[in-house]
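Contents: one structure, followed by commentary.
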Amino acid sequence: NVPLAVTLMAIRAQCETTTSLLQQWNDMRTLMLTRGTTRLSSLDISFGLSLQCETVQRVPQSLHLLKILSLLPDGASADLISHLSASVPQPHRTLSVLVQTSLAYYGVDDRAFVLVPLREYMLHYYPPTLDELEAVIGFFMRTISINKALFDSSDRRVGVAMLLAQAVNIDSLLQYA
């Protein structure tokens, strides 16, 4: 049971250099992972079908949460998921739908993640709206504000640790914006 993205990349790697594959990935992202027109030969078709499945369609906010998670390479903490309730109704239930359909998964420290190929697909075909971006940025602004108070106290190490835990996600948001 090898993931489709790995299988399609391995097929390409048999006749192309790693430099060429990297350049194609930078140019085309998931579009390069195609070997036909079925769900088992095209990553984009497979992702598209997953997003159209009945389970996902019954919870329309799942697409919103997936777009937000796609902005966060280091995953989303339970705090962030809860903070999103203003823009994504019932965020924990919605996350459960994404996990049930393998569009998201729980990883380190119970953070919710989206695999890189799906993140790239989502950012290309379903970029986040301004409201979705504002929800995530609002969470990080609050986190930074809380940590500023910690920097001014004797718990400076705690503040540094909290910010470092989110550094990759904050960088990703800044690059996307």
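Owing to the predicted nature of the structure, the values given are computational and were not obtained by experimental measurement. Because only heavy atoms are used, hydrogens play no part in the values below, and waters and symmetry mates are left out as well, while side chains stay in.
At distances below 3.5 Å, at least one donor-acceptor pair connects side-chain atoms of Glu132 with backbone N or O atoms of Thr129. Listed for the Ser82 side chain is a donor-acceptor partner under 3.5 Å among the backbone atoms of Ala78. The backbone N or O of Ala135 sits less than 3.5 Å from a side-chain atom of His83, completing a donor-acceptor pair. Formation of a donor-acceptor pair under 3.5 Å by the Ser172 side chain with backbone atoms of Leu71 is found in this model. Counting only distance, with no hydrogens or angles, the side chain of Asn169 and the backbone of Gly75 share a donor-acceptor pair below 3.5 Å. At distances below 3.5 Å, not a single donor-acceptor pair connects side-chain atoms of Ser96 with backbone N or O atoms of His92.
Shortest non-hydrogen contact noted between Leu103 and Val56 is CD1-CG2, 3.8 Å. Pairing each heavy atom of Phe113 with each of Val108, the nearest pair is CE1-N, 3.8 Å. Considering all non-hydrogen atoms of both residues, Pro127 and His124 come closest at CD-O, 4.0 Å. Here the shortest heavy-atom pairing between Thr94 and Ser62 reads CG2-CA, 3.2 Å. The minimum heavy-atom distance between Phe139 and Ser77, with the atom names listed, is CZ-OG, 4.2 Å. The two residues Val88 and His64 make their nearest non-hydrogen contact at CG2-CB, 4.2 Å.
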Take Ser70 and Leu123 through the side chain to side chain contact (heavy atoms under 4.5 Å, CB included) test and state the conclusion after the steps.
-> CA-CA 7 Å; Ser70 295; Leu123 292 173; 4.3 Å; yes

Derivation and outcome, side-chain hydrogen bond (donor to acceptor under 3.5 Å, both in side chains), residues Thr19 and Gln23 | CA-CA 6 Å; Thr19 304; Gln23 182 62 46; over 6 Å; no

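Within the model, atoms CZ of Arg142 and CG of Leu80 stand 9.0 Å from one another, a figure rounded to the nearest 0.5 Å.
By the side chain to side chain donor-acceptor pair (under 3.5 Å) test, Asp79 is found to be paired with no residue, residues two or more places apart in sequence or in another chain being considered.
Residues Leu51 and Leu66 form a side-chain contact, since some pair of their non-hydrogen atoms from C-beta on lies under 4.5 Å apart. Using a 4.5 Å heavy-atom threshold, the side chains of Leu133 and Pro128 count as touching. At a threshold of 4.5 Å between non-hydrogen side-chain atoms, the residues Thr101 and Ser50 do not count as touching. Put simply, the side chain of Thr55 reaches to within 4.5 Å of the side chain of Arg58, judged on heavy atoms. Looking only at side-chain heavy atoms (C-beta outward), Leu115 and Tyr105 come within less than 4.5 Å of each other.
Within the structure, side chain to side chain donor-acceptor pair (under 3.5 Å) pairs that include any residue of residues 106-119 do not occur (at least two apart or interchain).
Taking the six-membered ring for Trp and thresholds of 30 and 60 degrees, Tyr121 and Tyr126 have ring planes inclined between 30 and 60 degrees apart.
Using a 4.5 Å cut-off between side-chain heavy atoms of Ile, Leu, Val, Met, Phe, Trp and Tyr, with links allowed through other members, Phe140 and Leu174 fall into the same hydrophobic cluster.
Of the candidates Leu63, Val114, Ile68, Leu69, Met122 forms a side chain to side chain contact (heavy atoms under 4.5 Å, CB included) with just one, namely Leu63. Checking Leu173, Leu72, Asp74 one by one against Val168, the side chain to side chain contact (heavy atoms under 4.5 Å, CB included) holds for a single residue, Asp74.
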